[in-house]
Q: 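Dropping the structure in here first, questions after.
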Number of protein chains: 2
Amino acid sequence: MTAAAVRVLIADDQAMVRGALAAVLAAQSDIDVVGEAADGEQAVRLTGRLHPDLVLMDVRMPVLDGLQATARILGDPRGHRPRVLMLTTFDLDDYVYEALRLGAGGFILKDATTDDLLSAVRIVASGDALLAPSVTRRLIEDFARTRPAGPRPSARLNALTEREREVLTLVARGLSNREIAARLVLAEQTVKTHFGRVLSKLDLRDRAQAVVFAYESALVAPGPRA
Amino acid sequence: MTAAAVRVLIADDQAMVRGALAAVLAAQSDIDVVGEAADGEQAVRLTGRLHPDLVLMDVRMPVLDGLQATARILGDPRGHRPRVLMLTTFDLDDYVYEALRLGAGGFILKDATTDDLLSAVRIVASGDALLAPSVTRRLIEDFARTRPAGPRPSARLNALTEREREVLTLVARGLSNREIAARLVLAEQTVKTHFGRVLSKLDLRDRAQAVVFAYESALVAPGPRA
DNA sequence: CCGGATTTCGCCCCGCCGGGCGATGTGCCG
DNA sequence: CGGCACATCGCCCGGCGGGGCGAAATCCGG
């Protein structure tokens, strides 16, 4: 499955670094360096023209920094969306989080070895993600902090029958009993019975608390919606 | 900086796998294999006795699986807390998330190369974290989904006055109008007025939908609360 | 100093919600 | 076959929630 070589665009303001990266990458048979940019604006422009598979993007650059450039590139819905591998000297939290929000596929430090860089390029180009270990660590800590327990409220969720969970899920979407009845093809009274049991089993008072419970127990999760 | 060798405990129910891992790790000068466990219970017991620096833990094991064993080991507040590197054949979401919640430092697939394994052991032992690329990818996606924008505050939230936001926040915690009035030292009618405006401004029908909105707009977030 | 925004509160109305009690049918298990 | 859990629906009712209408008091900016 020797596919075509990965087309890479290098964006770094330091010519020496840029040269070194280009040399290392170009030496690989499965990697083609299709262009180099000295600032974020050039990176955006060249991405639009060369449509590389991956942009190796330094965070700190003049004119337009790596984050803004990434935002422009990945934020354009009609354009070509390459993978972006962020490159930085320090692993500052804000940069990491912002880059991840923007959709960057990876984040590696400049003190990484040549082998690390090459494997990072290949991995990110393939659609997977790669972070520097110390970065991953913070991401995990944050993850663990955000989603503390596992079987905490879930345990109580198991006390519900399938139908009851189904009703609760719809309640958690903001539907009224009548709307739920219509959607499930049931009598409104039946929905009330099911939901009444839900409130009783979970020791909740009203639907507002039920919605809270649904979110807290991850039965439903926040996400981009209308 | 040649510190003492990393003391590793191997936990895997398949003797052959266990042997292979032990052989690979023991061949390294900076790694000592101090023990082997064939199931989760043994892993917990041996960890308490040998206090290794790192436990290489298979997810699927008899008696007590890797997740439960990890929970026991890391959940014990008084005991010794080693790093835990999870090992699995498949990268199932549930396993990953649960392991991360429990505090596992890393997660690698059994199809990783020997070099990957060794670097994973060294990285996790040093306190950093490491995940298989495909796992990292999902973690990032989840992260991006949970924390959508940077300057998040839903535009519509800005249409609310300070007091209205305050009331909405309490509604989103499951409080009734009466309870909110008591907490804010107001008449119940006042709370109804404020909340009525909230529903009107945000084009919502009832408090259930308001709770949904609060979570979706990140006015409140899922997490541990009193 | 006047007008708009905000906060506060009262009264009335009625619809939906939540709870209690009962009933029927179905499938499963010992 | 006799329970048991689950799903389905009905009736009744008290209360909280949501909406309309009005009205003070405060603050702030033009």
Side-chain angles (χ1 to χ4, degrees), chain A residues 151 153-217 219-220 225-226, chain B residues 151 153-217 219-220 225-226:
Chain A
S154 320
R156 291 203 280 172
L157 258 183
N158 294 330
L160 302 182
T161 67
E162 191 53 39
R163 203 56 159 167
E164 286 162 356
R165 254 192 305 277
E166 197 174 359
V167 170
L168 175 56
T169 302
L170 293 177
V171 167
R173 294 218 138 82
L175 302 193
S176 68
N177 288 337
R178 187 167 302 176
E179 290 167 341
I180 294 173
R183 177 171 307 197
L184 298 183
V185 194
L186 288 176
E188 186 178 342
Q189 182 53 45
T190 303
V191 175
K192 291 179 67 173
T193 301
H194 285 312
F195 185 60
R197 284 193 207 291
V198 171
L199 292 180
S200 172
K201 286 183 179 179
L202 301 179
D203 192 29
L204 301 172
R205 180 179 49 193
D206 50 41
R207 33 185 64 222
Q209 291 191 351
V211 175
V212 172
F213 177 89
Y215 274 97
E216 296 296 338
S217 68
L219 178 64
V220 299
R225 52 171 56 239
Chain B
S154 174
R156 294 208 274 168
L157 258 182
N158 294 328
L160 302 183
T161 67
E162 191 52 39
R163 205 57 160 168
E164 287 161 355
R165 256 193 303 279
E166 198 174 357
V167 170
L168 175 55
T169 302
L170 294 177
V171 167
R173 293 232 182 286
L175 302 193
S176 68
N177 288 337
R178 187 167 301 174
E179 289 167 342
I180 294 172
R183 179 172 305 200
L184 298 182
V185 194
L186 288 175
E188 186 178 342
Q189 182 53 44
T190 305
V191 175
K192 291 180 68 173
T193 302
H194 286 314
F195 185 61
R197 285 192 207 291
V198 170
L199 292 181
S200 172
K201 286 183 178 177
L202 300 179
D203 194 29
L204 301 172
R205 180 179 50 192
D206 51 41
R207 37 184 62 222
Q209 292 191 349
V211 175
V212 172
F213 177 88
Y215 274 97
E216 296 297 337
S217 68
L219 178 64
V220 300
R225 288 179 304 100

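In the text below, chain A, chain B and the rest are named by the order of the sequence lines, each starting its count at 1.
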Q: From Leu175(B) CG over to Arg207(B) CZ, what is the distance, rounded to the nearest 0.5 angstrom?
A: 8.5 Å
Q: How long is the gap from CZ on Phe213(A) to CG on Leu202(A), to the nearest 0.5 Å?
A: 4.5 Å
Q: Less than 4.5 Å apart, side chain to side chain, heavy atoms only: is that true for Thr193(B) and Arg163(B)?
A: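 No, their side chains stay 4.5 Å or more apart.
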Q: Distance check: side-chain N/O of Asn177(B) vs OP1/OP2 of dC16(D), anything under 4.0 Å?
A: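 For dC16(D), OP1/OP2 do not have a side-chain N/O of Asn177(B) under 4.0 Å.
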Q: Tell me the interatomic distance from Asp206(A), atom CG, to dG17(D), atom C1', rounded to whole angstroms.
A: 10 Å
Q: To the nearest Å, give me how far apart CG (Leu199(A)) and P (dC17(C)) are.
A: 11 Å
Q: With respect to the side chain of Arg178(A), which nucleotide from dC16(D), dT8(D), dC16(C) is positioned closest?
A: dC16(C)
Q: May I have the distance from His194(B) (atom NE2) to dG17(D) (atom P), rounded to whole angstrom?
A: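 Atom-to-atom, His194(B) to dG17(D), this comes out as 16 Å.
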Q: Just the rounded figure in Å: distance from P of dA5(C) to NZ of Lys201(B).
A: 10 Å
Q: One pair to check against side chain to side chain contact (heavy atoms under 4.5 Å, CB included): Glu179(B) and Arg205(A). What are the steps and the verdict?
A: CA-CA 13 Å; Glu179(B) 289 167 342; Arg205(A) 180 179 49 193; 2.7 Å; yes
Q: Starting the side chain at C-beta, find the nucleotide from dC17(C), dT8(C), dG18(D) nearest to Thr190(B).
A: dT8(C)
Q: Whole angstroms only, please: what is the CZ-C1' distance between Arg205(A) and dC16(D)?
A: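 Going from CZ in Arg205(A) over to C1' in dC16(D) covers 10 Å.
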Q: When you look at Leu184(B) and Leu170(B), which way does the side chain to side chain contact (heavy atoms under 4.5 Å, CB included) test go after all the steps?
A: CA-CA 10 Å; Leu184(B) 298 182; Leu170(B) 294 177; 4.0 Å; yes
Q: Hey, what are the protein-to-nucleotides 10-13 of chain D N/O distances that come in under 3.5 Å?
A:
{"unit_1": "dC11(D)", "atom_1": "N4", "unit_2": "Gln189(A)", "atom_2": "OE1", "d": "3.4"}
{"unit_1": "dC11(D)", "atom_1": "N4", "unit_2": "Gln189(A)", "atom_2": "NE2", "d": "3.3"}

Q: Whole angstroms only, please: what is the CG-P distance between Leu160(A) and dA7(D)?
A: 10 Å
Q: Please round to the nearest 0.5 Å and tell me the distance separating atom CG of Leu168(A) and atom CD of Glu166(A).
A: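 Between Leu168(A) CG and Glu166(A) CD, I get 11.0 Å after rounding to 0.5 Å.
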Q: To the nearest 0.5 angstrom, please state how far the NE2 atom of His194(B) sits from the CD atom of Gln189(B).
A: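 So the NE2 of His194(B) and the CD of Gln189(B) are separated by 10.5 Å.
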Q: Of the nucleotides dT7(C), dG17(D), dC9(C), which has the atom closest to the Arg207(B) side chain?
A: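 In terms of side-chain proximity for Arg207(B), the closest of dT7(C), dG17(D), dC9(C) is dG17(D).
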Q: In whole angstrom, what separates Leu202(A)'s CG from dG18(C)'s P?
A: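 The distance from CG of Leu202(A) to P of dG18(C) comes to 13 Å, rounded to the nearest Å.
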Q: Measure CZ/Arg163(A) against P/dG27(C) and give the value in whole Å, please.
A: 15 Å
Q: For the side chain of Thr161(B), starting at C-beta, report the closest nucleotide among dG19(D), dA7(D), dT6(C).
A: dT6(C)
Q: Between dA7(D), dT7(C), dT8(D), which nucleotide has the shortest distance from any of its atoms to the side chain of Leu186(A)?
A: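 So the nucleotide nearest the side chain must be dT8(D).
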